Amino acid sequence: MATLPNPLPKLASDPSGRSLGLQLPPGRLLDTTIDGPWHEPLLWRADVPAGPGGWAALGAPAGRAGLLPVLVDLGSGQGGPEDWELAPDQTSYPGDHDAEDVLAELWEAYDAGGVDGEGGAEWPGLADAPKLVADPDTRAAEVADTLTEGLPWLRRPHLALVPARRSADIPAALGWSGPVDHEEDVARLCAVLRSWEDRFGIRVVALGHDHLAVSVAAPPAGPAEAEALTAEHYAFCPYTVLPDDGATLESYARGLIGERLWHFWWD
């Protein structure tokens, strides 16, 4: 996977990050993968839980240093990032994949039972981009502040920094294996996240063992836009869209209208 130079090794001798223009709280560098220690740190994470304002204070200077923020969950039964079986050596580069091709392939693979009740629904194509209603980075900071309060799927959020070209690439930069039972190469899903960055102003704001959350600066404004986007969400993560027998594509689409946070989980 093509990457920028990793600034994280500098934090080994400069824990505060001053040489990178940062003022970091106490934290640690993590290099643990499913195959043993990686040849360089994969991320830095704070030792203290994330609090309101932390993302906004750290995000811009970290970006200038080549690092991007994300909240990581330390409160699940699967532990923190050091326990997530990260596999960067098995991850390709998001830019090598086409988002629509990825979604169309996953749609076909997971539509065998028929999301329309009859089977064989045709892939409808990518949804059009709605109007941007907020600055994507400002929206990310707002959503991150909300998430610091904790949720059932994000119980102990800690702020982390990842060397990545763009927010959509964060899971691939880590070799995150959360969706492995749905898609073995997370870079293919990151290609979709890149497309959502371009069309919906998303930012990856939180990761758990098998959960991912993104902020949304251009959410669907009406039913037609939301229904078109629902097909993409279903291909990306069918477990979230239709988690049980009572769920429908229509009910899921209604929840997307104006929504500033998309949350996905893989079984």
Side-chain angles (χ1 to χ4, degrees), residues 90-133 136 153 166-172 176-204 210-267:
Q90 301 173 30
T91 305
S92 62
Y93 177 54
D96 291 338
H97 307 284
D98 178 81
E100 182 159 20
D101 289 347
V102 170
L103 288 171
E105 290 171 15
L106 291 171
W107 173 271
E108 182 177 355
Y110 286 89
D111 191 36
V115 297
D116 60 354
E118 298 179 0
E122 184 178 351
W123 165 245
L126 297 182
D128 294 333
K131 180 181 178 181
L132 198 69
V133 297
W153 51 268
R166 49 195 292 182
S167 181
D169 291 358
I170 286 174
W176 184 59
S177 57
V180 67
D181 289 337
H182 176 64
E183 170 55 61
E184 292 184 357
D185 184 359
V186 74
R188 283 167 45 86
L189 296 185
C190 288
V192 177
L193 293 175
R194 283 184 169 203
S195 180
W196 289 351
E197 268 192 350
D198 296 337
R199 288 181 291 139
F200 301 100
I202 70 102
R203 298 289 186 268
V204 174
D210 53 7
H211 291 252
L212 179 149
V214 305
S215 60
V216 188
E225 293 175 342
E227 289 171 8
L229 176 61
T230 293
E232 296 189 37
H233 280 208
Y234 177 80
F236 186 81
C237 184
Y239 317 99
T240 295
V241 178
L242 297 178
D244 53 56
D245 291 340
T248 66
L249 296 183
E250 292 75 15
S251 63
Y252 182 85
R254 287 194 294 271
L256 291 179
I257 298 173
E259 179 57 53
R260 64 178 194 159
L261 171 68
W262 298 344
H263 168 236
F264 304 95
W265 65 274
W266 287 266
D267 192 358

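Values below: all heavy atoms of this structure, side chains included; hydrogens, waters and symmetry mates excluded. Quick caveat: nothing in here was measured; it's all calculated off a predicted structure.
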Which atoms form the tightest heavy-atom contact between [X] and [Y], and what is the distance?
{"X": "R194", "Y": "Y93", "answer": "NH2-OH, 3.3 Å"}
{"X": "P171", "Y": "L212", "answer": "CG-CD1, 4.0 Å"}
{"X": "G178", "Y": "W266", "answer": "O-CB, 3.7 Å"}
{"X": "F264", "Y": "C237", "answer": "CD2-CB, 3.7 Å"}
{"X": "L261", "Y": "W153", "answer": "CD2-CZ2, 4.3 Å"}
{"X": "P130", "Y": "A218", "answer": "CG-O, 3.3 Å"}

From [atom1] ([X]) to [atom2] ([Y]), nearest 0.5 Å:
{"X": "E100", "Y": "E105", "atom1": "CD", "atom2": "CD", "result": "11.0 Å"}
{"X": "R254", "Y": "E259", "atom1": "CZ", "atom2": "CD", "result": "14.5 Å"}
{"X": "W265", "Y": "T240", "atom1": "CH2", "atom2": "OG1", "result": "6.5 Å"}
{"X": "W262", "Y": "W196", "atom1": "CH2", "atom2": "CH2", "result": "6.0 Å"}
{"X": "E225", "Y": "L256", "atom1": "CD", "atom2": "CG", "result": "11.0 Å"}
{"X": "L103", "Y": "W123", "atom1": "CG", "atom2": "CH2", "result": "4.5 Å"}

Taking only residues two or more places apart in sequence, or in another chain, which ones meet [X] in a side-chain contact (heavy atoms from CB on, under 4.5 Å)?
{"X": "E183", "result": "L106, D185, R188, L189"}
{"X": "A224", "result": "none"}
{"X": "S195", "result": "A99, L126, R199"}

Should we count CG of D96 as having more than 12 external heavy atoms under 6.0 Å?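 Atom CG in D96 is packed in, count exceeds 12.
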For [X] and [Y], indicate whether the former's side chain and the latter's backbone hold a donor-acceptor pair under 3.5 Å.
{"X": "D244", "Y": "A247", "answer": "yes"}
{"X": "Y234", "Y": "Y110", "answer": "yes"}
{"X": "E232", "Y": "A127", "answer": "yes"}
{"X": "H182", "Y": "F236", "answer": "yes"}

Side chain to side chain contact (heavy atoms under 4.5 Å, CB included) evaluation trace for V214 with F200: CA-CA 10 Å; V214 305; F200 301 100; over 6 Å; no
From P94, S92, S167, residue fulfilling side chain to side chain contact (heavy atoms under 4.5 Å, CB included) relative to C190: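 That would be P94; it is the only one of P94, S92, S167 passing the side chain to side chain contact (heavy atoms under 4.5 Å, CB included) with C190.
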